[in-house]
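Accompanying notes for the structure given below.
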Amino acid sequence: MPELPEVETVRIGLSKWVTGRTIATAEVLHPRAIRRHLPGDAHFAAVLAGRTVLDVSRRGKYLWLPLDSGDAIIGHLGMSGQLLMQPAEAEDEKHLRVRFTFTDGGPQLRFVDQRTFGGLSVSEGGAGLPDEISHIARDPMDPLFDDTAFTARIRGRHTEVKRALLDQTLISGVGNIYADEALWRAGLHGTRPTDQLTRPAVARLLGHVRDVLSEAIVAGGTSFDELYVDVNGESGYFDRSLNAYGRENEPCHRCGAIIRREQFMNRSSFSCPRCQPKPRS
DNA sequence: GAGTTTACCTGTACGC
DNA sequence: TGCGTACAGGTAAACT
């Protein structure tokens, strides 16, 4: 599942392959893939034809490609989205949703998405930071991320710490996998109330979040199946480094207790019952 | 207004 | 073999 490390891996690959190239055509093969582009697929194709990609940027799990028109292509991978570079003669992928060709006749950019939770749209005048994603907080790897402000905000919330980590308006880029990993490292159960965390506890947690994310970026992300791959179709290998996520009934790497799985926010959470005791209710 | 729940999706695994 | 069901989970709308 694409979280910050996966999206960053895609961003790096994309920027290498599409920066400076001019779009010839943008072909929408499935309307749901551009459902957030309200003017529709004909408009999507028309505003992109002839535009040159200036850069590939990221805010949290969102990507955006500033164009020479001042607009930008916004992309989100959702659960199963992929942005792949493919030679023109390569066979269409089963879940190919959008295809970009370039005036140089080189490799195509293809948006492939099995579950169609992801999507693309064009943001008018969005070459800076598109309005559509301005509500997304900076991610903790961003040099402008404000630790003091984050600490104050999370301690001011009346919610559980895992909910807070998944709240993209508070801190971006963290999803279910890396939230569980950071909480395991911090020795915190996900239901711990945020207003009871001390400042040093928040600082430690933030440090673990950064460690997990940066280690995962180096590994090229986490791939459980073929649903996450980089622009060249290669898997990441951070799944070998997971301590909590997906390890139900396996021994904790730190204390040997059996990792438990619990339902939380309609998804699975994994934690060590000894290292991460539940708070008293 | 803040916090929480639900809908959106489809392929895969599994039990009967 | 085929059918039904549970599950994966990021985001935003809907709800409390």
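Just so it is clear, the model here is predicted, and its values are computed rather than measured. Each chain gets a letter, A, B and so on, in the order its sequence line appears, and its residues count up from 1.
Inter-residue side-chain proximity for Leu83(A) and Leu63(A) is flagged as met; some heavy-atom pair is nearer than 4.5 Å.
The interatomic distance linking Leu166(A) (CG) with dT11(C) (C1') rounds to 12 Å, in whole Å. For the pair Phe111(A) CZ and dC9(B) C1', the computed distance is 12 Å after rounding to whole Å. What separates CG of Asp113(A) from C1' of dC8(B) is a distance of 12 Å, to the nearest Å. Between the P atom of dT11(C) and the CG atom of Leu4(A) lies a distance of 11 Å, rounded to the nearest Å. Whole-Å rounding puts the Glu132(A) CD to dA13(C) P distance at 12 Å. Straight-line distance from the CZ atom of Arg32(A) to the C1' atom of dT11(C): 11 Å, rounded to whole Å. Rounded to a whole Å, the CG atom of Asp167(A) is 15 Å from the P atom of dA13(C). For the pair Leu77(A) CG and dT11(C) C1', the interatomic distance rounds to 13 Å; values are reported in whole Å.
For Asp92(A), the salt bridge (charged side-chain N to carboxylate O under 4.0 Å, His left out) partners two or more places apart in sequence, or in a different chain, are Arg99(A). The salt bridge (charged side-chain N to carboxylate O under 4.0 Å, His left out) check on Arg153(A) picks up nothing, with sequence neighbours excluded. For Lys16(A), there are no salt bridge (charged side-chain N to carboxylate O under 4.0 Å, His left out) partners two or more places apart in sequence or in a different chain. Taking Arg21(A) as the reference, Asp104(A) meet the salt bridge (charged side-chain N to carboxylate O under 4.0 Å, His left out) condition, with sequence neighbours excluded.
Stem list for DNA chain C (at least 3 consecutive Watson-Crick or G-U pairs, distances under 3.5 Å): B:2-16 with C:2-16.
Contact between the side-chain N/O atoms of His76(A) and the OP1/OP2 oxygens of dT11(C) is found at a separation under 4.0 Å. Residue Arg115(A) places no side-chain N or O under 4.0 Å from the OP1 or OP2 atom of dC8(B). Look at Gln168(A) and you'll find a side-chain N or O under 4.0 angstrom from OP1 or OP2 of dT11(C). Between dA12(C) and His135(A), a contact under 4.0 Å exists linking OP1 or OP2 to a side-chain N or O.
The pair Glu8(A)-Arg58(A) counts as a salt bridge, with a side-chain nitrogen and a carboxylate oxygen less than 4.0 angstrom apart.
With a 6.0 Å cutoff to the six-membered ring centre and a 45° limit on the axis angle, Arg254(A) counts as a cation-pi contact of Trp184(A).
When distances run from any side-chain atom of Met79(A) to the nucleotides dT11(C), dT10(B), dA8(C), the shortest one goes to dA8(C).
Residue pairs meeting the salt bridge (charged side-chain N to carboxylate O under 4.0 Å, His left out) criterion with at least one member in residues 118-132 of chain A: none, sequence neighbours excluded. Listed by first then second residue, pairs satisfying ring-ring contact (aromatic ring centres under 6.0 Å, His included) with a partner in residues 77-104 of chain A number zero, not counting sequence neighbours.
Residue-to-nucleotide contacts include a donor-acceptor pair under 3.5 Å from the side chain of Arg267(A) to the base of dG10(C).
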Under 3.5 Å, which N/O atoms of the protein pair with N/O atoms of nucleotides 14-16 of chain C?
none

Which protein N or O atoms sit under 3.5 Å from an N or O of nucleotides 2-5 of chain B?
from	atom 1	to	atom 2	distance (Å)
dG3(B)	OP1	His158(A)	N	2.9
dG3(B)	OP2	Arg157(A)	NE	3.3
dT4(B)	OP2	Thr159(A)	OG1	2.6
dT5(B)	OP2	Arg163(A)	NH2	2.8

Could you list the donor-acceptor pairs under 3.5 angstrom formed between side-chain atoms of residues 143-150 of chain A and any protein atom two or more places apart in sequence or on another chain?
from	atom 1	to	atom 2	distance (Å)
Asp146(A)	OD1	Thr148(A)	N	3.1
Asp146(A)	OD1	Ala149(A)	N	3.0
Asp147(A)	OD1	Arg210(A)	NH2	2.8
Asp147(A)	OD2	Arg210(A)	NH1	3.2

Under 3.5 Å, which donor-acceptor pairs link side chains of residues 69-78 of chain A to any protein atom two or more places apart or in another chain?
from	atom 1	to	atom 2	distance (Å)
Ser69(A)	OG	Asp71(A)	N	3.3
Asp71(A)	OD1	Gly125(A)	N	2.8
His76(A)	ND1	Gly78(A)	N	2.8

Listing, residues 48-56 of chain A side-chain donor-acceptor contacts under 3.5 Å, not counting sequence neighbours, or none:
from	atom 1	to	atom 2	distance (Å)
Arg51(A)	NE	Asp68(A)	OD1	2.8
Thr52(A)	OG1	Thr22(A)	OG1	2.7

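Within 4.0 Å (heavy atoms only), Tyr62(A) reaches sugar-phosphate atoms of the nucleic acid but no base atom. Nucleic acid contact class of Arg261(A) (heavy atoms, under 4.0 Å, all strands): sugar-phosphate only.
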